[in-house]
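Just so you know, these numbers come straight off a predicted model, no measurement behind them. Heavy-atom basis, side chains included; hydrogens, waters and symmetry copies ignored.
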Amino acid sequence: METGPGSDLQLDELPVTTTAAPTDSYSSYKDNLIGALLAIFGHLIISIALNLQKYSHVRLAGSKDPRSYFRTKTWWFGFLLMLLGETAVFSSYAFAPLSLIAPLSAVSLIASSIIGIIFIKEKWKPKEFFRRYILSFIGCGLAIVGTYLLITFGPNSHEKMTGENIVKHLVSWPFLLYMLVEILAFCSLLYYYKQKNANYMIIILLLVALLGSTTVVTVKALAGMIMVSIRDTLQFGYPIFYIMFVCMVATAIAQASFLSQASQLYDSALIASVNYILCTTIAISAGAVFYLDFREEDVLHVCIFVLGCLIAFLGVFLITRNRKKPKSFEPYVSMNPMPGLQTMHDNGNAIQPDFGSSFSYGALASNDSLSEIYTPATLPVVSEEASSSLPYKVLDHNKTE
């Protein structure tokens, strides 16, 4: 009887100790829906902004307007829309898990493929419609189906992004092992790309994807800490906030640099599809390791989520497969240069040969110093006895024995 109060006290303390562990972890389909809608809205606005800026460039290139593109109202309107879209995408990471937001960038490719035909007025003939565009519309349908599966069966684990929780994830053994593997892979790819001149598209885009996984991890941390600061307590006093901010800016700049190098070597449509597949795959892996996005998900939801990713990947590939390659602007008439002649431009797009310091009018060089092998052939002329001094050379075609 004397031990009764002590046992009751222990029983009363048990619920407190067991429920104190997962206080920062919760599930919310409402937050998932808000984050997904913000991401879709942001990517849609970004695609419209990019097409507006492209429209501004096209109008200036086809007119005699001497203004620069950044002095036009259309370009600045597109720039403001891009800022709005990027803000929406950044905010979406504060509501939904990283593994759910990362694949939704397919919305930007879907919107760009449709707006490119309607807004930019890319020409297509009825005879070539089924041959060139039917796969693109099938790809849009598949990407929409994949996006629906991603939102419906995506991970639903949420956590308060406080400074303590982020540091806890940062020093965890799974993430440290993941970062070690990622750093080794990045250094190996960078060595082959820089030292061995392995300018393969897959190597460059793998570098972009590895950097992108770090970018989205830092974006998720920053967005979550800002949301916690608005709702609860300020998180700006933690050094991890500023460390994440520096990593986000540095990796974003490095991504832009590698993407610029890839765009100079390969087709932009192919880069868009491959980059989406690689970046999404590695970003989902980073979210699963760092934020433990799939810790409370069952096997069925994970399998359907993976199926949605594969369907979205196939849709994006079909969208970009038949996209027409843009023709670069050429200031001169495009013809094949004469073999063996040096041209005025290194890329060989112009037909005007350079012949040293000879006089030239505009972009056309004179042919005063042509070598004998390029002199025009002289037609045979029959000599006449009436003229003693002929203004042209007489050729003798008598056969010599």
Side-chain angles (χ1 to χ4, degrees), residues 10 12-36 38-39 86-102 104 154-183 186 210-252 254 282-298 301-302:
Q10 291 177 359
D12 292 338
E13 291 176 352
L14 282 176
V16 177
T17 56
T18 53
T19 57
T23 53
D24 293 336
S25 179
Y26 62 96
S27 298
S28 175
Y29 288 102
K30 179 181 178 181
D31 288 349
N32 267 18
L33 182 61
I34 293 174
L38 280 174
E86 293 290 350
T87 303
V89 174
F90 181 85
S91 302
S92 66
Y93 283 94
F95 293 93
L98 188 155
S99 300
L100 173 61
I101 299 299
L104 296 182
N156 192 23
S157 60
H158 300 264
E159 184 180 7
K160 290 181 67 176
M161 290 292 103
T162 59
E164 295 89 349
N165 290 336
I166 293 175
V167 173
K168 186 190 305 182
H169 288 301
L170 195 62
V171 298
S172 62
W173 283 107
F175 182 71
L176 291 177
L177 182 61
Y178 174 82
M179 284 301 298
L180 178 61
V181 174
E182 184 171 307
I183 290 173
F186 182 82
L210 292 174
L211 291 170
S213 64
T214 305
T215 304
V216 294
V217 167
T218 56
V219 167
K220 171 71 175 176
L222 291 173
M225 293 181 74
I226 293 174
M227 185 60 64
V228 173
S229 299
I230 295 174
R231 290 180 172 179
D232 194 358
T233 58
L234 291 177
Q235 302 294 315
F236 302 129
Y238 292 94
I240 191 63
F241 180 85
Y242 304 97
I243 293 174
M244 289 291 184
F245 179 78
V246 172
C247 291
M248 180 189 69
V249 174
T251 53
I282 299 180
I284 292 174
S285 302
V289 174
F290 188 85
Y291 295 108
L292 304 176
D293 288 343
F294 299 94
R295 58 188 168 188
E296 298 178 357
E297 301 298 327
D298 54 8
H301 278 70
V302 174

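Remark: Val89 pairs with His43, Ile46, Ser92, Tyr93 by the side chain to side chain contact (heavy atoms under 4.5 Å, CB included) rule, at least two apart or across chains. For Ala36, the side chain to side chain contact (heavy atoms under 4.5 Å, CB included) criterion is met by Leu104, Ile151, not counting sequence neighbours. By the side chain to side chain contact (heavy atoms under 4.5 Å, CB included) test, Thr215 pairs with Val219, Met248, Thr251, Gln255, sequence neighbours left out. Every residue meeting the ring-ring contact (aromatic ring centres under 6.0 Å, His included) condition with Phe241, not counting sequence neighbours, appears here in chain and number order: Phe236. By the side chain to side chain donor-acceptor pair (under 3.5 Å) test, Tyr242 pairs with no residue at all, sequence neighbours left out. Shown here are the ring-ring contact (aromatic ring centres under 6.0 Å, His included) partners of Tyr178, two or more places apart in sequence or in another chain: there are none. Residues meeting the side chain to side chain donor-acceptor pair (under 3.5 Å) test with Glu297, sequence neighbours left out: none. In this structure Leu177 satisfies the side chain to side chain contact (heavy atoms under 4.5 Å, CB included) test with no other residue, sequence neighbours excluded. In terms of the salt bridge (Lys or Arg N to Asp or Glu O under 4.0 Å) criterion, Asp298 has no residue partners (sequence neighbours excluded).
Distance check: Ile243 CD1 to Tyr238 OH gives 13.5 Å after rounding to the nearest 0.5 Å. Taken to the nearest 0.5 Å, the CD1 atom of Ile240 stands 12.0 Å off from the CG atom of Asn165. The distance from the SG atom of Cys247 to the CG atom of Leu211 is 11.0 Å, given to the nearest 0.5 Å.
The closest side-chain heavy-atom distance from Lys220 to Ile101 is not below 4.5 Å. Taking 4.5 Å as the limit, some side-chain heavy atom of Asp232 sits within range of a side-chain heavy atom of Lys160. Contact of the His158 side chain with the Asn32 side chain is registered, since non-hydrogen atoms from C-beta on lie closer than 4.5 Å. Two residues are said to be in side-chain contact when any heavy atoms from C-beta on lie closer than 4.5 Å; Phe290 and Leu170 meet this criterion.
Of all the heavy atoms in Val289 and Leu292, the pair that sits closest is O-CD2, 3.7 Å. When every heavy atom of Thr162 is checked against every heavy atom of Val228, the shortest pair comes out as CG2-CG1, 4.1 Å. Closest non-hydrogen pair, Phe294 versus Ile284, comes out as CE1-CG2, 4.1 Å. Nearest heavy atom pair, residue Pro97 against residue Pro155, reads CG-O, 3.4 Å. Ala223 and Ala94 get closest at one heavy-atom pair: O-CB, 3.5 Å. For Gly35 against Ala96, the heavy-atom pair with the smallest separation is CA-CB, 4.0 Å.
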Self-check item: Residues Glu182, Thr214; criterion side-chain contact (heavy atoms from CB on, under 4.5 Å); working and verdict
Solution: CA-CA 10 Å; Glu182 184 171 307; Thr214 305; 3.2 Å; yes
Quiz item: Stepwise, does the side-chain contact (heavy atoms from CB on, under 4.5 Å) test hold for Glu159 with His169?
Solution: CA-CA 11 Å; Glu159 184 180 7; His169 288 301; 2.8 Å; yes
Exercise. Give the C-alpha distance, both sets of side-chain angles, the deciding distance and a yes or no for side-chain contact (heavy atoms from CB on, under 4.5 Å) between Phe90 and Ile226.
Key: CA-CA 11 Å; Phe90 181 85; Ile226 293 174; 4.1 Å; yes
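With Tyr291 contributing its side chain and Ala221 its backbone, the two residues share a donor-acceptor pair below 3.5 Å. A donor-acceptor pair under 3.5 Å is formed between the side chain of Gln235 and the backbone N or O of Gly163. In this structure a side-chain-to-backbone donor-acceptor pair under 3.5 Å is present from Ser157 to Asp293.
The neighbour count for Phe175 CZ, taken as heavy atoms of other residues, nucleotides or ligands under 6.0 Å away, is above 12.
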